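Report on one structure; see the data block that follows.
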Amino acid sequence: MTTTATLAQVYREHPIHLRDIIPLDFNSIRSVPDSHVWPISDDFSSDHQLMVPIIDLKDPNAVKLAGHACETWGAFQVINHGIHLNLLEEVESEARRLFSLPTQTKMKALREPAGATGYGLARISPFFPKYMWHEGFTIMDSPTDHARALWPTDNARFCDVIERYQKQMKVLAEKLTDLILESLAIFREDLNWDVGSPSTALQLNSYPPCPNPNRAMGLAPHTDTSFLTILYQGSISGLQIFKQGAGWISMLPVTGALVVNVGDLLHILTNARFPSVLHRAVLNQEGSHRLSVAYFYGLPIECSVSPLLKLLDSGENPRYRPVTVKEYVDIKSKYFEESLTSIRI
């Protein structure tokens, strides 16, 4: 069985009710229903000088800068990353083509209650009392089956763009992983990761125009289960990360840049030295249809992750017990924001 199938199997063990999968028909909504009304947020950072680091991968100091960004922010933006702007724009265009389909067409690719791929609400939806102003499309491995459901005779372009993007994202994710490990004076060879292929997923996100964007939430605060996440957010802002002592800070788009954020698995590996960053998506005030594309890069599903002893300062104890990737995905599916706490020693 392949890694992707095994990862999907973990999700199959935690089925979600259909009410937490089916998005609103956003085209027919004239006001925000009570089910989607969130308290107005006033916890933005007042320090406008704070800005998430932008790292040029061609900078001779990129290793040091990446390590510092992971430690102090849990995130950074990266430029000169090797992904051509044309491909980024193609992916955004195909995502827009998908989410612009009629609702009844998109429903043909609806994610199954025990499924991991296809169209639907974010998997984190059941953990919140209100629904998010969001629709997503999740891809693991090949997009072909769901693409055929959406475009029976015209799916080749979508599949081609997505598959090219997945291949290039995997190369970049491995490059960034090596960069981050090098900042810790660790190399891939030091780790027991040769137990299969990385577990990866591609998530297309749509945040339709909202009648009252101040009362709704695009994507609720969460951390990612992954080792690291690479996000293309286009030209419309909406992504925010939480920085201790400052509050929520907007990650302003930079043309051609990609956002890299630390996930839970890297958090565990570094004993919380590189924190898994809390982030959310707020809605666009100008009524634009915002899209983003997230690539989740995880370790092989049977890989065991625990704080690396060589990273611990003198007298420092490991904060987390060893856990396999499969076990942690299972824990996150049950406990969500309490997942890291549940494996603390």
Side-chain angles (χ1 to χ4, degrees), residues 2-4 6-7 52-83 166-201 223-231 258-277 295-329 340 343 345:
T2 65
T3 296
T4 302
T6 306
L7 180 62
V52 178
I54 299 172
I55 298 175
D56 185 339
L57 279 192
K58 293 185 177 179
D59 189 323
N61 295 314
V63 170
K64 182 179 177 181
L65 292 170
H68 185 258
C70 287
E71 188 163 0
T72 56
W73 286 88
F76 56 91
Q77 295 205 64
V78 64
I79 58 174
N80 279 324
H81 41 65
I83 310 297
Q166 287 172 306
K167 287 177 183 176
Q168 294 196 30
M169 278 290 118
K170 184 172 182 288
V171 171
L172 177 60
E174 290 176 346
K175 184 176 183 178
L176 290 167
T177 295
D178 290 338
L179 188 81
I180 290 168
L181 291 176
E182 188 178 346
S183 77
L184 296 163
I186 296 167
F187 299 94
R188 201 181 284 258
E189 294 73 29
D190 300 333
L191 304 164
N192 185 27
W193 289 0
D194 55 350
V195 289
S197 302
S199 48
T200 65
T223 63
D224 292 338
T225 308
S226 57
F227 188 79
L228 59 82
T229 301
I230 307 172
L231 180 83
L258 296 167
V259 177
V260 180
N261 69 262
V262 174
D264 292 353
L265 297 177
L266 180 53
H267 179 111
I268 296 167
L269 187 83
T270 61
N271 210 36
R273 177 173 163 184
F274 289 1
S276 184
V277 67
Y295 181 80
F296 301 105
Y297 182 78
L299 306 179
I301 204 77
E302 300 300 338
C303 180
S304 181
V305 184
S306 59
L308 288 177
L309 296 180
K310 68 181 293 185
L311 296 181
L312 302 184
D313 295 328
S314 179
E316 183 185 3
N317 293 317
R319 299 185 185 188
Y320 306 101
R321 68 172 175 84
V323 61
T324 66
V325 173
K326 182 181 187 299
E327 183 186 2
Y328 188 73
V329 173
L340 287 171
I343 61 168
I345 297 173

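Treat the numbers as computed from the prediction; the structure is a model and nothing was measured. The basis for the numbers below is simple: all heavy atoms, side chains too, and nothing from hydrogens, waters or symmetry mates.
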Please check if the side chain of [X] supplies one atom and the backbone of [Y] the other of a donor-acceptor pair under 3.5 Å.
X	Y	result
Ser276	Asp264	yes
Asn271	Arg319	yes
Asn261	Thr223	no

(request) Return the set of residues passing side-chain contact (heavy atoms from CB on, under 4.5 Å) with Ser226 (not counting sequence neighbours), or none when no residue passes. (result)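 Testing Ser226 for side-chain contact (heavy atoms from CB on, under 4.5 Å), a comparison that skips the adjacent residues, returns Asp224, Thr229, Phe296.
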
What I'd like to find out is whether the side chain of [X] reaches to under 4.5 Å of the side chain of [Y], using heavy atoms alone.
X	Y	answer
Val277	Trp73	no
Met169	Tyr297	no
Leu65	Pro53	no
His81	Lys175	no
Asn192	Ser304	no
Ile268	Ile343	yes
Phe227	Leu269	yes
Pro307	Glu316	no

(message) Can you list everything that forms a side-chain hydrogen bond (donor to acceptor under 3.5 Å, both in side chains) with Glu182? Sequence neighbours excluded, please.
(response)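 side-chain hydrogen bond (donor to acceptor under 3.5 Å, both in side chains) check on Glu182 returns nothing, list empty.
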
(message) On a heavy-atom basis, which atom in Thr225 and which in Leu265 lie closest, and how many Å separate them?
(response)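 Scanning both residues, the minimum pair turns out to be O-CG, 3.3 Å.
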
(request) Compare every heavy atom of Ser183 with every heavy atom of Val63, then report the nearest pair and how far apart it is. (result)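 Here Val63 and Ser183 meet closest at O-CB, 3.4 Å.
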
(message) Looking at Glu71 and Arg273, is there a salt bridge between them, counting it only when a charged N and a carboxylate O are closer than 4.0 Å?
(response)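 The answer is yes: the pair qualifies as a salt bridge.
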
(message) The test is side chain to side chain contact (heavy atoms under 4.5 Å, CB included); show your working for Val305 and Tyr328 and say whether it passes.
(response) CA-CA 9 Å; Val305 184; Tyr328 188 73; over 6 Å; no

(message) side chain to side chain contact (heavy atoms under 4.5 Å, CB included) for Leu57 and Leu179? Distances and angles first, verdict last.
(response) CA-CA 9 Å; Leu57 279 192; Leu179 188 81; 3.8 Å; yes

(message) For His68 together with Phe76, are the ring centres under 6.0 Å from each other?
(response)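 No, they do not, as the ring centres are separated by 6.0 Å or more.
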
(request) Let me see the working for Leu266 and Thr177 under side chain to side chain contact (heavy atoms under 4.5 Å, CB included), right down to the final yes or no. (result) CA-CA 10 Å; Leu266 180 53; Thr177 295; over 6 Å; no

